[in-house]
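The residues of the chain are indexed from 1 along the displayed sequence.
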Amino acid sequence: MPDSPVLLFGISQKSEEMIVDSDRIAGTAQQAKGTAEAAAGRLTGDRKLWIKGQSDEVVGTVENTAGNLKDAAQQATDDPQSEVEQLRAEVERLSREPATPRLDAAANAADRYGEKFDRYLDAIRQHPLTSVGVAVGAGFLIGRLMSSNRYVHRI
């Protein structure tokens, strides 16, 4: 089990000890009892049972909330420095691990295309007039191919 507490149905588990918060268990039980009483009161038309069920449900909610507050206070006082150290160690471990293979492949592809792009830019800088001529010619050809008026003479 991990060192950090795992919360499951109102039970906090640690690797060395198991802490059962009685307020949370009692609150959940009281809430369930109140819900059942309220439903029974509603079905039978017994207003007194329905009101008692509603009040039990509220009391259960309050007890459960008190248990949650106790858990939060306990976690806040449980050696926060060791948690910071654990998080720091986890960050260091993750930073040492290589990125996923897909991210590595994407980065390598971006580097290769970046190098090719830089070579094209260097060629354009060295021969600017030739580059403009090639661009104009390519634009003219693309324009002719894309236009609807082909200037084709039929005989």
**Q.** Ion pair check, Asp122 and Arg125, cut-off under 4.0 Å
**A.** yes
Q: For Arg112, check salt bridge (charged side-chain N to carboxylate O under 4.0 Å, His left out) against everything at least two apart and list the hits.
A: none
Q. What distance separates Gln54 CD from Leu49 CG, expressed to the nearest 0.5 Å?
A. 10.5 Å
Q. Hey, what do you get for NZ (Lys33) to CD (Glu57), rounding to the nearest 0.5 Å?
A. 12.5 Å
**Q.** Distance-minimising heavy-atom pair for Ser131 and Ala123
**A.** OG-O, 4.4 Å
(Q) Starting from Leu121 and following side-chain heavy-atom contacts under 4.5 Å between hydrophobic residues (I, L, V, M, F, W, Y), which residues can be reached? (A) Phe117
Q. Looking at CG of Asp56 and OG1 of Thr61, how far apart are the two atoms once the value is rounded to the nearest 0.5 Å?
A. 10.5 Å
Q) Just how far is it from atom CG of Leu145 to atom CZ of Phe140, taken to the nearest 0.5 Å? A) 9.5 Å
